[in-house]
Amino acid sequence: MAQYELDIIDYWLILKKRRYLILFSAALVVVFTFLFSQMLQPEPVYEATARVKFDRSSTVAQQLLESLSFSSANDLSTQTEFIRSFPVMERVAQELGLVPAELSPDARRSAEYLHRIYELGQRIKTTREPDTNIIRITATADRPEMAERMANAVANAYRIENITARNRMVMESRRFVEEQLATLERKLSEAEEALRAFKEREGQVFLAEEAKAALETFTKLEEEYNAVLRRKDETAKQIQALSRGDGDADGQIGRIFTEEPNALLGILNNKLMDLLQERSTLLINYTVQHPKVQELQRRIANVKAEMTRELASKLKTLNDREAALKAQIDRYRERYLAFPKAAIELNRLEREVKVNSDLHATLKIKHQELLIKSAEQIEEVTIIAPAVAPAGPVNAPNTGLNLMVGSLMGVFLGIVLAFARESFDTSIGTIEGVEDFLKVPVLGVIPQFDDRELEEAAKASLPPNTPRGTIENFSKLICLIDPKSVLSESLRSLRTNIQFASMDRRVKSILFTSAGLGEGKSTCVINLAITLAQEGQRVLLVDADLRRPIVHQRLGLPREPGLVDALLGSITWRKSVRSATDLMLGTLGVDRVMTSPGLDNLFLLTSGSPSGNPSEFMNLNKIKALVTEMQEEYDVVLFDTPPILPVTDAVAISSRVDGTILVYQVGRIGRHALKRAKFLLDHAQANVLGVVLTNVRAEISADAGLYRYEYR
């Protein structure tokens, strides 16, 4: 249910009435906007942008390097961070003359030196153009020519640093292959020397055709067996390199040359190199405890674990293959023991020479490729758009736009002030104004109160660990938690005024309603029922708000059965009435009910079972019969009904009770809405006894201070 709000005419009347306030606010904001735009104009800031293109090198000659480099999956993200890294910024600072080019290592580690480099990095922004391999480098400076120089210097320094880094990897790979070549050359020389010495010692060795064929098969098995052993050793070294951690100072793991690279291992190795490079870049600006570095370290550990599992699986396969080959070799060895030992030895020496020679030739080819690549000077970064001096500052104030925005803000502020002024307008907020406007008396004035203070008082009077919802509901029972407070006195005054207002006519059933939501209607009627019961009258409180019932929550009672069940005829209303015994069993507890005098005179009829459409239950004849029966058994019957303007339930019941009281929270709804609610009640021939004003401030009711008569 939506709350009734002001219509368009009400808004227009308020704006028309407060038009001078709105115009004054708009003019004042425009003047201040202009003055501040002129007085607080910032220092000009200029931006220049250079664009570079990044292409990962992937030629055929680079196939060996692919296992040593990182993948291109995250290259551009890494490169955008690398541009702002310390090595690049240091090169730029030296080119721009911000720091000396020749400094001792101690001077380069000084706080002043590092501060200049990092400050320069803060003036550089790098972004990747969507769906391209182009990176924009934006430099910020206080002069246009300086911004141009900075952007171009960063682009050039990044290109040079990339060339240096990529060729450093080529040199490391070439040094690795050269070390392997030296080892193989020594082994090949030793194998050739052993073969030569054997031939000089044994001379020619001859075998029959069948024996020669069997020996060739035996030789092939031994060759395959040795190859498996070599691959096992390579795999074990790879696992050992992974288990050592990050390896050398450059952040690379131990690399082992293999003739048969595994496809999955190659992908994982590329991914690992990518992560290590990204971590090295972050460590330039962050410590190892930084969350980004910690996240990368976790991802590196995951990739290493996956590589270790893959290598372990490969090692198990090689072990099985080794066992099978060894069994075949043993069978051949037992079968052909009659072979001359000289023939077997000759064959083994020739095989050793051949294996070392083939591997040496392969490494020679790789070495030549690396020599060519080191001479090529790999260049992956191209400057495709140098920076130009900007025409104007990026932070130049737009006076016209500022004045337009200021005028709009001024009008908005004026409207807000107009409605705020209207909310605080006491022309209808005063007691006399309400009585003149509605032509009914004001029966009670409920002062403004602090919900937090009431909740604290309720919390102090309830047992520890009481749920939050119970405390909030109990805080609304003002006459129970603080019977000597100003609020309790105002409610007792309401009780007395109602009794005087009905002296000429016996009023036993009273309906409480309001124009809109949230005006304190339920709180008022519940506390009034308590005060009437404490006076000694038998009071029945009926929750007739079938849409948003609240009485059962406030008093800690179950909702069912209740009024709906009585209207449906499933149970009589008398059997649904709750008494003090039910209150004792509820959240109020025995102690609270026993120590509060008069609660044995309070009886409650909750709303009952949920209903799909409450209007269907509001049969006027049934309501009239229920009201008549209730009046016969109780001194006073109080009905808590929904607001009038959103729904018509209260209007339908109002003609069947002795009196109706309208609850109005000052300043919450417009006067025309309040007038409309009163008109609906009059049209239904309801006996409107008066109005209860809630949330009344001292400036609205000048006699509010009279309630401050304290107990002694």
Side-chain angles (χ1 to χ4, degrees), residues 429-436 438-449 454 476-514 519-542 596-604 630-631 634-641 654 657-666 686-698 700-712:
T430 60
I431 295 176
E432 294 78 11
V434 173
E435 291 178 340
D436 292 340
L438 298 180
K439 307 303 180 183
V440 292
V442 173
L443 299 177
V445 177
I446 310 301
Q448 190 178 47
F449 56 89
L454 291 179
K476 304 302 182 182
L477 305 180
I478 304 165
C479 293
L480 291 182
I481 62 173
D482 193 2
K484 298 182 180 181
S485 65
V486 174
L487 289 173
S488 299
E489 287 296 333
S490 64
L491 290 164
R492 283 189 282 269
S493 176
L494 171 63
R495 176 192 65 190
T496 303
N497 291 337
I498 292 174
Q499 292 172 346
F500 279 109
S502 58
M503 289 183 64
D504 56 339
R505 175 188 172 188
R506 181 62 174 170
V507 175
K508 298 192 66 175
S509 57
I510 303 174
L511 180 145
F512 277 76
T513 186
S514 61
E519 300 198 58
K521 160 184 58 66
S522 298
T523 301
C524 183
V525 69
I526 293 173
N527 285 277
L528 177 62
I530 294 173
T531 60
L532 288 171
Q534 290 174 340
E535 192 185 39
Q537 300 188 55
R538 286 171 52 83
V539 181
L540 175 63
L541 174 58
V542 181
S596 300
L599 287 186
D600 54 338
N601 295 322
L602 178 63
F603 300 87
L604 303 136
M630 292 173 181
Q631 291 180 153
Y634 297 94
D635 298 329
V636 180
V637 181
L638 301 179
F639 289 85
D640 181 20
T641 59
S654 63
V657 296
D658 295 338
T660 300
I661 293 178
L662 188 62
V663 179
Y664 169 57
Q665 181 174 329
V666 177
N687 178 26
V688 181
L689 299 177
V691 180
V692 176
L693 302 181
T694 62
N695 198 36
V696 177
R697 298 181 298 275
I700 294 177
S701 178
D703 54 351
L706 299 178
Y707 289 110
R708 296 290 179 181
Y709 189 80
E710 304 289 342
Y711 282 83
R712 297 294 185 185

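- Rounding to the nearest 0.5 angstrom, the gap separating the CG atom in Leu528 from the CG atom in Leu443 is 10.0 Å.
- In this structure, Gln534 has no side chain to side chain donor-acceptor pair (under 3.5 Å) partners at least two apart in sequence or on a different chain.
- The structure places CD1 of Ile498 at 3.5 Å from CD1 of Ile661, a figure rounded to the nearest 0.5 Å.
- Partners of Asn687 according to the side chain to side chain contact (heavy atoms under 4.5 Å, CB included) rule, which considers only residues two or more places apart in sequence or in another chain, are Arg505, Leu689.
- Contact of the Leu438 side chain with the Tyr664 side chain is not registered, since no non-hydrogen atoms from C-beta on lie closer than 4.5 Å.
- Side chain of Asp635 to main chain of Val539: no donor-acceptor pair is present (N/O by atom type, distance under 3.5 Å, no hydrogens or angles).
- Considering only heavy atoms from C-beta on, Leu491 stays 4.5 Å or farther from Ile530 through its side chain.
- Residues passing the side chain to side chain donor-acceptor pair (under 3.5 Å) test with Glu535 are Gln499, Gln537, sequence neighbours excluded.
- The shortest heavy-atom contact between Glu519 and Thr694 is O-OG1, 2.9 Å.
- No side-chain heavy atom of Leu638 sits under 4.5 Å from any side-chain heavy atom of Val542.
- Here the shortest heavy-atom pairing between Val486 and Pro447 reads CG1-CG, 3.8 Å.
- Residues Val663 and Gly520 approach most closely at CG1-C, 4.2 Å, considering heavy atoms.
- Taken from OH in Tyr634 to CG in Asn601, the straight-line distance is 11.0 Å, to the nearest 0.5 Å.
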Item to complete: Check the pair Leu540, Leu604 against side-chain contact (heavy atoms from CB on, under 4.5 Å), reporting the backbone distance first and the verdict last.
Response: CA-CA 6 Å; Leu540 175 63; Leu604 303 136; 5.7 Å; no
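- Here the CD1 atom belonging to Ile446 is positioned 6.0 Å from the CG atom belonging to Leu494, to the nearest 0.5 angstrom.
- For the atom pair CG (Leu541) and CZ (Phe603), the distance works out to 12.5 Å, reported to the nearest 0.5 Å.
- Evaluation of the side chain to side chain donor-acceptor pair (under 3.5 Å) rule for Thr523 yields Arg554 as partners, not counting sequence neighbours.
- Between Ser654 and Thr660 the shortest heavy-atom distance is CB-OG1, 3.6 Å.
- For Asp640, the side chain to side chain donor-acceptor pair (under 3.5 Å) partners two or more places apart in sequence, or in a different chain, are Lys521, Ser522.
- The shortest side-chain heavy-atom distance between Val637 and Lys508 does not fall under the 4.5 Å cut-off.
- Closest approach of Phe512 and Thr641 over heavy atoms only: O-OG1, 2.8 Å.
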